[in-house]
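Here the structure is laid out as structure tokens; the discussion comes afterwards.
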2 protein chains.
Amino acid sequence: MGTLGAMQDFPLRIMRLMDHAEREHGLREIVAARPDGTMVRTNWKQVAHDARRLAQALERLGLRPGDRIATLAMNHDRHLNAWFGVVGMGGVLHTLNPRLFDDQLTYIINHAEDRAILYDRAFAPLIERLKPNLTATRHFVCFDDEFDDALAVEDGDYRWHEGDERDPCGLCYTSGTTGNPKGVLYEHRSTVLHAMSIIVPDIFDLSARSVILPVVPMFHANSWCLPYAVAISGSKLVICGDNRPEHLCQLFNEEGVTHSAGVPTVWLGMIDHVERTGASLGKLRLVIIGGSSAPPATIRWFRERGVHVNHLWGMTEMSPVGTVGAPPSDWDEMSEDEQVDYMARPGRSMFGVELRTVDANGNVLPRDGVSSGKLQTRGPAVVRRYFRQDADACGEDQWFDTGDMATIHTDGTIQITDRAKDVIKSGGEWISSIEIENAAVGCPGVAEAAAIGVPHPKWDERPLLLIVRDPDSNVCEADVRSFLSGQMAKWWMPDAIEFVESLPHTATGKLSKKDLRDQYRDYRFANAEVMVGRD
Amino acid sequence: MGTLGAMQDFPLRIMRLMDHAEREHGLREIVAARPDGTMVRTNWKQVAHDARRLAQALERLGLRPGDRIATLAMNHDRHLNAWFGVVGMGGVLHTLNPRLFDDQLTYIINHAEDRAILYDRAFAPLIERLKPNLTATRHFVCFDDEFDDALAVEDGDYRWHEGDERDPCGLCYTSGTTGNPKGVLYEHRSTVLHAMSIIVPDIFDLSARSVILPVVPMFHANSWCLPYAVAISGSKLVICGDNRPEHLCQLFNEEGVTHSAGVPTVWLGMIDHVERTGASLGKLRLVIIGGSSAPPATIRWFRERGVHVNHLWGMTEMSPVGTVGAPPSDWDEMSEDEQVDYMARPGRSMFGVELRTVDANGNVLPRDGVSSGKLQTRGPAVVRRYFRQDADACGEDQWFDTGDMATIHTDGTIQITDRAKDVIKSGGEWISSIEIENAAVGCPGVAEAAAIGVPHPKWDERPLLLIVRDPDSNVCEADVRSFLSGQMAKWWMPDAIEFVESLPHTATGKLSKKDLRDQYRDYRFANAEVMVGRD
């Protein structure tokens with residue numbers, strides 16, 4: 001009697017996506033609007049050929065499997081070639097975010113020990129500033145000036161580097177607001193599984209007939225894994241280095257874009273553009289919004305134009321997709337208001353993403369739509385250990401703390417209530433800083449608001465609300481208090497409201513509550529000795 | 001410096017599908033029309049609970065992880081519970097085909113060393129006949145009489161058996177027409193990857209809002225993996241033990257079925273039913289046809305009713321989906337005739353399925369739409385070694401011979417030209433027996449046709465065409481020859497045509513060419529000495 005029997009070996013390696021794309025839809029078009037305005041039309045056969053030549057060129061430079069090779073670039077065809085070429089020769093593709101501060105980039109590049117950086121000409125001054133401080137980087141290749149030349153001398157007679165499916169393939173640092181940036185080291189297996197998972201109808205719904213323009217930087221969280229996903233689905237890929245609304249809208253129309261994805265500000269800009277110019281959205285039918293949530297008015301605006309909106313929640317540590325708010329089974333029985341409300345939320349987890357919420361003591365909370373706790377996740381595409389860390393990033397049974405506070409509803413849909421580090425801990429209970437801010441910005445005359453927890457002798461922390469007025473406004477504390485009352489539990493009401501000229505932001509445009517907390521660490525509430533009522 | 005960093009461990013085990021279904025869409029309905037006519041409504045929470053209790057009951061019987069546990073059953077809720085319960089306790093689910101002959105079943109059960117058989121009451125007489133010859137089977141549980149009782153004493157407090165993702169989870173024997181049946185031993189990993197792959201838009205297009213009724217036996221090739229796939233997608237599953245068209249049509253309407261899948265005869269019966277009764281197809285919008293191809297008239301009939309038809313090609317050894325004829329990128333530019341022609345073909349391979357054709361010497365043929373050769377495949381859900389065989393079933397680089405002859409077009413779509421063992425080898429070239437038969441059945445008065453290769457002194461083999469006349473027909477050889485001429489190359493023209501009363505079929509209803517070849521092994525062509533013209 002022989003062995004029991006077996007199915008075949010097939011390591012889940014990224015280059016299998018490339019092979020599939022080259023073989024099964026090699027002529028499917030890829031359109032790249034380069035940052036300089038040039039339009040380039042390529043396809044999977046050509047990308048595969050270019051990736052092979054890049055792999056040869058990288059080896060000629062002395063680069064070896066396992067080496068980190070960085071890109072500092074916007075979205076364009078050469079960047080796409082680099083994605084596959086670097087991974088094809090066994091390298092680890094490290095996508096750098098050019099919006100970070102110089103010292104952050106220096107730290108990241110040195111920590112990653114990037115051997116080479118491929119960069120856009122626009123970032124040449126940045127590269128020159130960084131160079132003197134880079135300790136491991138030996139090669140700098142400008143996409144605009146040297147990249148094509150480097151490929152031109154290679155013949156493309158190359159076989160992809162093979163190896164274990166758990167080998168690393170990519171590296172992306174999180175733009176954390178505290179401490180040093182941390183690197184998520186993606187593996188071939190995690191990335192292939194993720195790409196397989198996100199083309200399904202309830203995530204990105206990608207078929208051979210789809211045309212997708214991801215308005216998501218290729219340096220940000222694998223560009224939501226979309227360039228890998230379309231290699232499976234054979235959708236037409238449109239990538240674009242200039243995300244002004246008029247430019248995107250033109251591409252929508254000229255290239256027959258059916259799917260797009262991006263953060264809310266992209267869509268606010270698009271709405272403004274369309275309203276001003278009367279432009280058409282062409283064949284657009286699905287917009288995926290991530291990063292933060294778009295207001296119901298945005299969703300309604302797209303609905304009226306035949307475009308469905310799904311929200312997505314995820315993070316770099318999750319490869320990055322966690323949940324998507326695709327229509328649930330009882331969609332057709334919902335009223336329009338119910339549908340819009342559903343579309344404004346980030347939906348349910350996809351297969352391979354497990355979610356739970358826990359309280360301050362680590363007890364698992366029920367999925368009751370009420371209990372709010374720390375949102376934890378685990379799965380094959382979730383980080384276990386950050387790059388070059390001595391300890392795992394996740395706890396017992398691999399549960400990884402997302403840093404978000406959330407409620408999980410009985411139907412499995414989640415609702416993010418706050419960032420865990422921003423939540424205000426008052427008398428053993430949690431107050432959502434985001435909910436206070438969302439309420440405050442609804443008050444006429446309020447331009448921007450930030451709620452932070454400030455140390456309090458009796459309650460541990462109490463909310464301080466900081467407000468930036470509209471330029472022409474004289475809104476005062478009494479106005480804001482009057483507006484907020486009735487919108488939240490009495491014990492959530494800020495103990496103090498201060499008016500400020502501006503609020504600090506991070507390099508990626510987020511409110512920097514860490515800076516605010518540092519700034520107001522010694523703030524004393526006027527009523528600090530007064531009992532705060534609870535109801 | 002610590003380890004490099006890592007993503008999480010997450011063995012691709014089938015019970016992760018169950019966990020996902022229970023957690024994310026636990027109340028999504030599963031409707032089972034039992035063979036006895038009873039309608040049962042259950043859901044994923046209930047199936048998970050029942051599966052846990054079955055796992056306990058199986059352990060109570062002394063069954064252990066790795067044991068083969070068989071089902072001999074039609075499609076119903078208890079069978080579904082058994083799928084997950086058997087796998088949940090670490091067993092290998094062996095689905096028996098009740099349509100096989102007794103001696104084949106005996107061989108298969110003994111070869112698999114099935115420890116237990118769960119069976120429908122309708123098959124009790126069959127079980128009684130088999131019992132005396134079964135060497136390894138200790139337990140017989142009737143789904144109708146004993147199954148619920150066995151579960152009733154268990155509390156469901158059970159944790160799924162865990163293990164390696166390459167552990168076996170299922171066993172399915174191929175109903176080969178030559179030699180003993182061979183067992184394909186599915187693994188957890190191969191099955192999970194397959195289930196992930198087939199829910200995408202270009203395969204089964206399954207979302208949370210879909211309602212699918214697979215008219216595919218659960219004993220046949222994992223029921224095309226659909227029960228596992230819907231555990232991911234959260235589609236409503238409707239399973240049915242009685243596939244008469246009036247019954248299926250009623251379920252389509254009452255349950256809001258949007259997707260269905262089955263072999264051509266199911267759909268021919270459905271068309272007849274709808275034409276006779278004027279019944280509606282309800283919300284049906286996608287029909288997947290596999291097994292063999294449906295004629296263009298069938299496709300057009302469904303199109304006119306708003307139902308899209310996709311053909312699927314695969315085999316038990318492929319888990320079983322290989323290709324699906326989903327609309328390609330240039331669909332909207334095709335004429336209606338071109339679309340129908342496309343829909344009649346089995347399409348392109350999905351991700352994870354590699355295909356190639358080779359000639360008689362093993363040389364890889366071009367994808368030119370002309371060259372026909374042996375179709376080979378490889379991938380993570382393709383068999384490497386049959387159960388209890390001493391050698392692998394695939395050749396160098398894992399290429400597995402599908403036993404089909406095919407042409408691959410430049411766009412990657414395949415066209416099956418014949419079964420390799422049925423192909424007629426004439427003068428070093430191949431003649432497709434199927435193409436001769438397809439042409440012959442178009443001749444008025446011909447009810448059924450079979451073309452086989454018969455030994456020939458000069459050409460190795462030459463085609464013999466066997467014809468069953470329509471009951472009231474007097475069609476003669478000259479009529480058939482006249483009809484065929486011009487429809488095929490002259491050297492494909494059968495050397496002889498014989499009229500017979502009937503043709504032999506296998507247990508699963510396929511034409512048994514093996515029997516015909518045995519029967520006509522010594523057939524002598526009248527013109528055996530005559531040169532056959534080639535053009």
Side-chain angles (χ1 to χ4, degrees), chain A residues 1-10 12 17 20 23-25 28 166 168 183-187 189-190 196-197 199-202 205-209 232-234 236 319 326-329 331-332 348-349 351-352 354 378-391 394 398 412, chain B residues 1-10 12 17 20 23-25 28 166 168 183-187 189-190 196-197 199-202 205-209 232-234 236 326-329 331-332 348-349 351-352 354 378-391 394 398 400 412:
Chain A
M1 174 172 167
T3 176
L4 265 182
M7 303 305 278
Q8 296 193 355
D9 301 323
F10 185 95
L12 299 170
L17 306 177
H20 176 80
R23 198 176 55 233
E24 304 303 335
H25 32 81
R28 186 61 162 143
R166 297 292 300 261
V184 179
L185 192 69
Y186 299 119
E187 296 170 357
R189 172 183 164 107
S190 63
M196 289 175 69
S197 292
I199 69 171
V200 307
D202 281 344
D205 192 26
L206 291 171
S207 76
R209 286 190 291 163
I232 300 179
S233 65
K236 174 172 158 182
S319 295
S329 58
W331 182 252
D332 292 337
R348 297 185 303 159
S349 70
F351 176 65
E354 292 182 42
R378 62 179 184 184
V382 176
V383 70
R384 180 161 72 83
R385 180 174 294 200
Y386 289 108
F387 185 59
R388 295 182 59 196
Q389 297 289 313
D390 293 324
C394 49
Q398 295 190 115
Chain B
M1 175 173 165
T3 173
L4 263 182
M7 302 305 277
Q8 295 193 356
D9 301 323
F10 185 95
L12 298 170
L17 305 177
H20 176 79
R23 199 175 55 232
E24 305 302 336
H25 33 80
R28 185 61 161 145
R166 297 291 301 260
V184 179
L185 191 69
Y186 300 118
E187 297 171 355
R189 172 182 162 109
S190 64
M196 290 175 70
S197 293
I199 69 171
V200 306
D202 281 344
D205 192 26
L206 291 171
S207 77
R209 287 190 292 164
I232 301 179
S233 65
K236 174 171 158 182
S329 58
W331 183 252
D332 292 338
R348 297 185 302 160
S349 71
F351 176 65
E354 292 181 42
R378 63 179 183 183
V382 176
V383 70
R384 180 161 72 84
R385 180 175 295 201
Y386 288 110
F387 186 57
R388 294 182 59 195
Q389 298 288 315
D390 293 324
C394 50
Q398 296 190 112
F400 173 79

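Proteins get letters first, then strands, A, B, ... in listed order; numbering begins at 1 in each.
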Interface moiety of B:Arg378 toward chain A, non-hydrogen atoms closer than 4.5 Å: both

Do you know which of B:Glu354, B:Arg209, B:Met7 has the most heavy-atom pairs under 4.5 Å to chain A? B:Met7

A:Leu206 versus B:Pro201, closest heavy-atom pair with distance: O-CG, 3.4 Å

Would you confirm whether A:Gln8, through its side chain, and B:Val383, through its main-chain N or O, come within 3.5 Å as a donor-acceptor pair? yes

Short N-O contact, A:Arg166 and B:Asp9, less than 4.0 angstrom: yes

Heavy-atom proximity to chain A below 4.5 Å, by part of B:Ser349: both

Pairs of heavy atoms under 4.5 Å with chain A: top-ranked of B:Asp332, B:Leu17, B:Val184: B:Leu17

Looking only at A:Gly412, A:Gly379, A:Gly234, A:Gly183, the option with the highest number of non-hydrogen pairs under 4.5 Å against chain B is A:Gly379

Measure the spacing between CG of B:Asp205 and CG of A:Asp205 and express it to the nearest 0.5 Å. 6.5 Å

Atom pair CD (A:Gln398) and CZ (B:Phe10), whose distance is rounded to the nearest 0.5 Å: 9.5 Å

Give, as side chain, backbone, both or neither, the part of B:Leu12 having an atom under 4.5 angstrom from any heavy atom of chain A. both

Segment of B:Pro327 engaging chain A (4.5 angstrom heavy-atom cut-off): both

To the nearest 0.5 Å, what is the distance between CD on A:Glu24 and CZ on B:Arg348? 6.5 Å

For A:Arg189, is it the side chain, the backbone, both, or neither that has a heavy atom closer than 4.5 Å to a heavy atom of chain B? side chain

